[in-house]
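Structure record follows, encoded as structure tokens.
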Protein chains: 2
Amino acid sequence: MSEALIDQFVETWGAMGNSWGVNNSVARVHGLLIITDRPWCIDELVERLQISKSNVSTSLKELRSWNVVRKVFLPGDRREFYACEPDAWEMLFNIMRQRKQREFDPILASIATTCEQARQCPGGIAVERLGQMKQMLDTFDRLAGMAFKSEAQIKALVSLLPKKK
Amino acid sequence: MSEALIDQFVETWGAMGNSWGVNNSVARVHGLLIITDRPWCIDELVERLQISKSNVSTSLKELRSWNVVRKVFLPGDRREFYACEPDAWEMLFNIMRQRKQREFDPILASIATTCEQARQCPGGIAVERLGQMKQMLDTFDRLAGMAFKSEAQIKALVSLLPKKK
DNA sequence: TCGTTTGTTCTGAACTTACAGAACAAACGA
DNA sequence: TCGTTTGTTCTGTAAGTTCAGAACAAACGA
């Protein structure tokens with residue numbers, strides 16, 4: 001019975017991954033590690049999720065690159081086990097940090113360059129609009145920087161929010 | 001010369017779309033509308049971006065569904081023109097609202113259900129962990145709700161942030 | 001040393017997505 | 001009315017992604 005609930009969560013997490021550009025297998029592996037809250041080795045994951053070993057292997061590599069999963073060595077077992085980051089907020093922050101670095105920073109840099117060049121030679125370009133965009137992205141950048149630097153405060157702040165409904 | 005700068009921005013915006021799960025053509029059309037800050041009709045877009053009319057048409061439809069582009073009628077011209085939302089922050093908020101609705105809310109609902117069911121029958125599932133996840137998503141939900149309700153305040157707040165660097 | 005266990009990377013087939021061009025539909029003017 | 005302009009939807013192909021299985025590599029014990 002509870003197996004079905006696990007599946008339910010794993011599939012939901014997979015769907016979440018899908019809408020956020022994360023490969024389905026990657027998200028499913030992650031979901032399983034989250035919901036069972038214990039280390040799994042590759043073959044167990046293959047068996048449980050019914051996907052190939054290569055797929056599991058690359059998915060775990062990906063998850064480690066996001067700092068949301070780490071290797072765990074269990075005494076007396078040669079196999080490598082994998083466990084997910086135990087703190088949900090920490091997990092979220094790790095993902096956001098990585099995404100920002102990989103997907104946001106280069107774009108901000110590129111737009112800053114364009115903005116600089118446009119100042120010299122306007123032409124058909126809407127310099128004002130470009131500036132507005134740049135300013136918005138800068139603000140985003142600053143906010144993210146602040147949040148990542150004072151994670152603890154953010155979490156504390158969040159915990160003070162009025163409770164649901 | 002400035003044409004090249006426009007291209008530069010359009011490609012950057014396209015890349016941004018890519019990393020956030022938005023189709024490249026859609027993002028490029030959007031980028032062009034943003035950076036030139038004037039209404040374009042379909043054939044102009046076809047000509048300028050060198051993509052097919054069908055592609056432009058569906059891209060515009062998509063952009064309208066995100067509330068970031070709207071039809072504009074120019075007096076004395078039968079054609080439909082398209083212009084993007086003039087305020088960058090408004091644009092961002094519109095996108096976030098839509099994405100939350102489409103991609104976040106259903107998942108939160110699904111996890112809430114799982115959470116409820118798990119309370120009744122724990123089994124192999126880590127109820128505590130599931131609760132933690134749910135709580136995090138709830139917080140996110142609440143934050144978003146607050147932000148969307150008091151958009152003006154958020155913008156005001158943001159404008160008070162210490163300036164860059 | 002060699003065989004076994006464990007994990008990673010490569011390869012091609014299956015599936016999915018993107019998109020140009022064709023077909024179609026609607027609005028307008030003659 | 002019919003032809004022209006404008007815009008949308010359909011269809012087949014091309015391009016890209018995903019993933020199982022095969023090949024490979026490394027670590028360990030005998």
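Here is how names work: the chains are called A, B, and so on, in the same order as the sequence lines, proteins then strands, and each is numbered from 1.
- Salt bridge B:Arg48/B:Glu44: absent, no basic N to carboxylate O contact under 4.0 Å.
- D:dT8 atom P lies 13 Å from atom CG of B:Asn55, rounded to whole Å.
- Of the possible polar contacts, one joining the B:Asn94 side chain to the B:Asn67 backbone as a donor-acceptor pair under 3.5 Å is found.
- Rounded to whole Å, the distance from CZ on A:Arg79 to C1' on C:dT8 is 18 Å.
- Within 3.5 Å, a donor on the side chain of A:Lys53 pairs with an acceptor on the base of C:dG7, or the reverse.
- One finds no side-chain N or O of A:Ser54 lying less than 4.0 angstrom from the OP1 or OP2 phosphate oxygen of D:dA20.
- Side-chain atoms of A:Arg78 come within donor-acceptor range of the base of C:dT5, with a qualifying N/O pair under 3.5 Å.
- Looking at A:Val26, A:Leu45, A:Val69 one by one, the single match for side-chain contact (heavy atoms from CB on, under 4.5 Å) with A:Ser59 turns out to be A:Val26.
- In this structure, A:Lys71 atom NZ and D:dA27 atom P are separated by 11 Å, rounded to whole Å.
- Of all nucleotides listed (C:dT8, D:dT8, C:dC19), D:dT8 comes nearest to the side chain of B:Ile42.
- Atom CD of B:Gln117 is separated from atom CZ of A:Phe9 by 13.5 Å, given to the nearest 0.5 angstrom.
- Here the C1' atom of nucleotide D:dT6 and the CD atom of B:Glu47 are 16 Å apart, to the nearest Å.
- In this structure, CD of B:Gln50 is placed 11 Å from P of C:dG21, rounded to the nearest angstrom.
- OP1 or OP2 of C:dT9 sits under 4.0 Å from a side-chain N or O of A:Lys61.
- One interatomic measurement links the two molecules: CG of B:Leu49 to C1' of C:dA20, which rounds to 15 Å at whole-angstrom precision.
- Among the protein residues, A:Arg64 comes within range of the sugar-phosphate backbone only, with heavy atoms under 4.0 Å from sugar or phosphate atoms but none that close to a base.
- One finds no salt bridge joining B:Asp138 and B:Arg142 here, because no Lys/Arg side-chain nitrogen approaches an Asp/Glu carboxylate oxygen to under 4.0 Å.
- Helical stems in DNA chain C, defined as runs of 3 or more consecutive Watson-Crick or G-U wobble pairs with donor-acceptor distances under 3.5 Å: C:1-30 with D:1-30.
- Using a distance-only test at 3.5 Å, with no hydrogens or angles considered, no donor-acceptor pair links the side chain of B:Ser110 to the main chain of B:Pro106.
- One finds a side-chain N or O of B:Asn23 lying less than 4.0 angstrom from the OP1 or OP2 phosphate oxygen of C:dC19.
- Rounded to an integer number of Å, the gap from CZ of A:Phe73 to P of C:dT6 is 13 Å.
- To the nearest angstrom, C1' of C:dC28 lies 13 Å from CD of B:Glu80.
- By the 4.0 Å N-to-carboxylate-O rule, A:Lys100 lies close enough to A:Asp105 to be salt-bridged with it.
- Distances from the side chain of B:Ser25 to the nucleotides D:dT9, C:dC19, D:dC19 place C:dC19 closest.
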